[in-house]
Participant: 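This is the structure I want to talk about, given as structure tokens.
Just so it is clear: chains get the letters A, B, ... in the order the sequence lines come, proteins before strands, and each one is counted from 1. Everything numeric here is computed off the predicted structure, so don't read it as measured data.
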There are 2 protein chains.
Amino acid sequence: MGATKTDLFTKKQNELAAMAKALAHPARIAILQVLVKTNACVCGSLVDELGLAQATISQHLKELKQVGLIQGTIEGTSVCYCINPKAWLQYKEFFAMFFKELPENKSCC
Amino acid sequence: MGATKTDLFTKKQNELAAMAKALAHPARIAILQVLVKTNACVCGSLVDELGLAQATISQHLKELKQVGLIQGTIEGTSVCYCINPKAWLQYKEFFAMFFKELPENKSCC
DNA sequence: AATATTAATCGTAATATTGCAATGAATAGA
DNA sequence: TCTATTCATTGCAATATTACGATTAATATT
């Protein structure tokens, strides 16, 4: 055990959970915020901004890249990372859609 | 190691990460969707709907309760769960705010 | 009272995540 | 070429999460 039983759920449910998981760490939130604010960035300056080791940052960047939220291009010895606008918009819409249908409930509990 | 270094990040960043973590499992997504759809409270029928063991569902419910997304009241031998509308709205707004500022970028990468 | 039902909790096992030191690969500049 | 810089990757240890059987506590039914 210990492994998520993805086969029990719909594709959408697994997808949304995966999206949320990508955001489920303050370092990744912070990285995204830095990238949004500065519009571009490299790994080195992130190490300075956040207090984590270079290897750790690199790993978080890898995860964000894997889910497509960011993209990076090599630029000499450094790497330039930035937000993937398309994925960003998709995330925005996915979460908005999920939370859209407000249960104007009869507060049964 | 293995523990998240929350002290390196702002309160907001940790908060948003915690919110995302609450959604970072398809079972919890599914539970929330059932609660939204049925609007009236579902009691223990969640165990039937999803294919997970009772103990597992109970654990997920506990996590959702801990972050305040759902609330439950005891009703005889069963428990009645439903969405917490206030928290739901807050989540909606938090995520919308986070994804709001689209980087109308100059696509530097 | 005895039994059934419901759901929380405990204990355990399997797996995933987080973090970092060490190492490796690639380019830039001396 | 040699060295410095930058970032990815590997390997490891610590911690967290997921899942479930077994047990427990509580109310409902007989």
Participant: Given atom NZ of K62(A) and atom P of dG19(C), what is their separation to the nearest angstrom?
Facilitator: 15 Å
Participant: Give the rounded distance in Å between these two atoms: CD1 of I29(A) and P of dT18(C).
Facilitator: 12 Å
Participant: Donor-acceptor pairs are to be reported for all side-chain atoms of residues 40-47 of chain A against protein atoms at under 3.5 Å, with residues two or more places apart or in another chain.
Facilitator:
unit_1: S45(A); atom_1: OG; unit_2: V42(A); atom_2: O; d: 3.1

Participant: For nucleotides 17-30 of chain D, read 5' to 3', which letter fits each nucleotide if B means a protein heavy atom sits under 4.0 Å from the base, S means only the sugar-phosphate is that close, and - means neither?
Facilitator: SBBBB-----BS--
Participant: With rounding to the nearest 0.5 angstrom, report the CG to NZ distance, L23(B) to K21(A).
Facilitator: 12.5 Å
Participant: Taking only distance into account, with no hydrogens and no angle test, what donor-acceptor pairs under 3.5 Å do side-chain atoms of residues 5-18 of chain B form with protein atoms, sequence neighbours excluded?
Facilitator:
unit_1: T10(B); atom_1: OG1; unit_2: Q13(B); atom_2: N; d: 3.1
unit_1: T10(B); atom_1: OG1; unit_2: Q13(B); atom_2: OE1; d: 3.3
unit_1: Q13(B); atom_1: OE1; unit_2: T10(B); atom_2: N; d: 3.0
unit_1: Q13(B); atom_1: NE2; unit_2: Q33(A); atom_2: OE1; d: 2.7
unit_1: N14(B); atom_1: ND2; unit_2: T6(B); atom_2: O; d: 3.0
unit_1: N14(B); atom_1: ND2; unit_2: T10(B); atom_2: O; d: 3.2

Participant: How many Å lie between CD on Q66(A) and P on dT17(C), as a whole number?
Facilitator: 10 Å
Participant: Could you pull out all donor-acceptor pairs under 3.5 Å where a side-chain atom in residues 63-70 of chain A meets a protein atom, sequence neighbours excluded?
Facilitator:
unit_1: E63(A); atom_1: OE1; unit_2: R28(A); atom_2: NH1; d: 3.2

Participant: When the distance from CD1 of I57(B) to P of dA8(C) is rounded to whole Å, what number comes out?
Facilitator: 11 Å
Participant: Take atom CG of L50(A) and atom P of dT18(C), then tell me their distance rounded to the nearest Å.
Facilitator: 14 Å
Participant: Not counting sequence neighbours, list each pair that qualifies as a ring pair (Phe, Tyr, Trp, His ring centres under 6.0 Å) and has a residue in residues 21-80 of chain A.
Facilitator: H25(A)-H60(A)
Participant: Can you sort out the partners of F98(A) under ring pair (Phe, Tyr, Trp, His ring centres under 6.0 Å), two or more places apart, ordered by chain and number?
Facilitator: W88(B)
Participant: Quick one: look up who dT30(D) pairs with, Watson-Crick or G-U, both distances under 3.5 Å, and put none if it's unpaired.
Facilitator: dA1(C)
